[in-house]
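Because only heavy atoms are used, hydrogens play no part in the values below, and waters and symmetry mates are left out as well, while side chains stay in. We name chains A, B, ... by the order of the sequence lines, and we start the count at 1 in each one.
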Protein chains: 2
Amino acid sequence: MPTPDGSTRGRILDAAMLRFARSGFGASVRSIAADAGVSAALVIHHFGSKDKLHEATDEYVLTWIREVKRQSIGLAAGGNLLQVLAAADQYAPLVGYVLRSLQAGGAVGREFTEHMIADAQEYTSEAVREGVLRPSRDEAARVRYLVYSSLGAMLLSVTLDPPRDPEDVSAAMRRFMDELYLPMLELFTEGFLTTRRMLDDYLLYVPDPPAGAQDPADGTPTHDEEEP
Amino acid sequence: MPTPDGSTRGRILDAAMLRFARSGFGASVRSIAADAGVSAALVIHHFGSKDKLHEATDEYVLTWIREVKRQSIGLAAGGNLLQVLAAADQYAPLVGYVLRSLQAGGAVGREFTEHMIADAQEYTSEAVREGVLRPSRDEAARVRYLVYSSLGAMLLSVTLDPPRDPEDVSAAMRRFMDELYLPMLELFTEGFLTTRRMLDDYLLYVPDPPAGAQDPADGTPTHDEEEP
DNA sequence: ACCCCGGCTGAACGGGTGTTTAGTCTGTTG
DNA sequence: CAACAGACTAAACACCCGTTCAGCCGGGGT
């Protein structure tokens, strides 16, 4: 855990992360300073301004996330990094911060989802090669859709029905999973439409998946890809 | 459209809706007053406080939504009310307001999703009866999952990658649909797992869907459906 | 010994906030 | 006409915000 050295600057950074996660990015400099046991002026002295502090906290959280990710490669298979994080209560502040960033549209949220998409890209392409996942007509779009919908559903769930103690976001996520894991799994293994009509109609109407897809795997919209 | 009478109170309500949609609920009373062409004091005079104004605007938006919904029953089939709304540019402010509410976790967001879930409940149960949708082991959970994930994905998409003019949220939603409609349709008709292992394991491990499910369709969690 | 420099603070500044107050209009009612 | 009522406003109030300022400490270099 990259909790910085015991330096005052580090304590401020830690306090900022916690406060931002708990109260959102509107939290006042004074409240962060109080949490860190210093004066508000010192916060500005070290970081220049509140915006700079926000940026520094973003960077701090991002390096932490990268480290966690590096350590738990494979564990997070399937792109469920958020759930891996939530499972370990020590990462609760991290999760809270990420959710706030997704909510506010900040840099952390964007980078977090893009990294998640990139990772999922790898996992799924490997899974397709192994035959446990059906190939898609547009792998990149599929991965993006899956990450957006799972992340978005989780975010919406904890936003509309937040935990009493904003600290305990992991409990809310666990509840979410308990409630909705079954329909998710059902959908993933069986779909829910009984007819191919809608899909075929769409493919007929818009036969071309985005030509500039960053995954050079497929060129043809037909659904038999490379068959070694 | 329940845009209220030309009364000043109505103009303030309208301005509040627009400003809240455009700038979020942190928008100042003075800015709303300026938009409506009145003094800030008058806003308080009419509504008592900013919180009360927020509540009144929520209520105003909700009655508008209910009306639109009543008028376009059937059109919004499948629970894609948001997209129906977005398609008609006249509703752009409504959509913006709803998205802000989903983002902030307000009353409108909660009621909006719950109504959407209730509607989707009806649509899907009818579709299951007609045979175009597979039955689920837990219809209520499935509907909730689908609404959460589609709404959440859309929300996340416009949050992380917002339109330049906050007014033009419908364009962002259209872009979202253009990009991700294919994988969505794919997933819905085919799923993406090639094996039933994960689902069967889960059903074995947690064999009971919530006992109090309001849909008495199926009681047995065993998978004696089609295809061995 | 000096000085200086960086961590650090309390107090203040300037600006924005929601809300209150006092008062001015205008139209209605007795 | 006088009196009241309600829409409406400019100004002020009290507070919170991010930031600045002047100055206090304690330790290291010359």
- Task: Kindly compute the distance separating CD (A:E67) from CG (A:L62), expressed to the nearest 0.5 Å.
- Result: 13.0 Å
- Where do A:F192 and B:T124 land on the side chain to side chain contact (heavy atoms under 4.5 Å, CB included) test, with the steps shown first? CA-CA 10 Å; A:F192 60 67; B:T124 55; over 6 Å; no
- Note on the structure: B:I32 atom CD1 is separated from C:dT17 atom P, nearest whole Å, by 11 Å
- Task: Ignoring hydrogens and angles, tell me if any N or O in the side chain of B:Q103 forms a donor-acceptor pair with the backbone of A:Q103 under 3.5 Å.
- Result: yes
- So the salt bridge (Lys or Arg N to Asp or Glu O under 4.0 Å) pairs with at least one residue in residues 35-56 of chain B (sequence neighbours excluded) are B:R19-B:D35
- Main-chain N/O of A:R137 paired to B:E186 side chain as donor or acceptor, under 3.5 Å: yes
- Can you tell me if CD on A:E122 sees more than 12 non-hydrogen neighbours from other groups inside 6.0 Å? no
- Item | Nearest heavy atoms of A:D168 and A:A171, plus distance in Å | OD2-CB, 3.4 Å
- Task: Determine, step by step, whether B:Y145 and A:F176 satisfy the ring pair (Phe, Tyr, Trp, His ring centres under 6.0 Å) criterion, reporting the C-alpha distance in whole Å, the side-chain angles of both residues, the deciding distance to 0.1 Å, and the verdict.
- Result: CA-CA 10 Å; B:Y145 171 76; A:F176 172 81; 7.5 Å; no
- Task: Take B:F25 and B:Y97 through the test ring pair (Phe, Tyr, Trp, His ring centres under 6.0 Å) and record every step on the way to the result.
- Result: CA-CA 9 Å; B:F25 296 107; B:Y97 195 93; 5.4 Å; yes
Quick one: which protein N/O atoms are closer than 3.5 Å to N/O atoms of nucleotides 23-25 of chain C? Pair and distance per line, please.
none

- Item | Euclidean distance, B:M184 CE relative to B:M177 CE, rounded to 0.5 Å | 4.5 Å
- Message: Are B:R11 and B:V38 packed together at the side-chain level, in the sense that at least one heavy-atom pair is separated by less than 4.5 angstrom?
- Response: yes
- Message: Looking at B:A153, is its backbone amide N or carbonyl O close enough to the side chain of B:S157 to form a donor-acceptor pair, meaning the two atoms are under 3.5 Å apart?
- Response: no
- Rounded to 10 degrees, the angle between the two terminal axes of the helix from C:dG15-D:dC16 to C:dG30-D:dC1, each from five pairs: 30°
- Task: May I have the step-by-step check of side chain to side chain contact (heavy atoms under 4.5 Å, CB included) for A:D161 and A:R175, ending in yes or no?
- Result: CA-CA 11 Å; A:D161 195 8; A:R175 186 167 47 74; 3.7 Å; yes
- Item | Closest heavy-atom pair and its distance - A:I44, A:S49 | CD1-CA, 4.1 Å
- Calculate, to the nearest 0.5 Å, the distance between atoms OG1 and CG belonging to B:T159 and B:L99 respectively. 7.5 Å
Please enumerate all protein N or O atoms sitting under 3.5 Å from an N or O of nucleotides 13-16 of chain C, with distances to 0.1 Å.
none

- Message: Just to be sure I understand the geometry, which residues of residues 41-58 of chain A put a non-hydrogen atom under 4.0 Å away from DNA chain C?
- Response: A:A41, A:L42, A:H45, A:H46
- Message: For DNA chain C, which residues of residues 16-25 of chain A approach it to below 4.0 angstrom with any heavy atom?
- Response: none
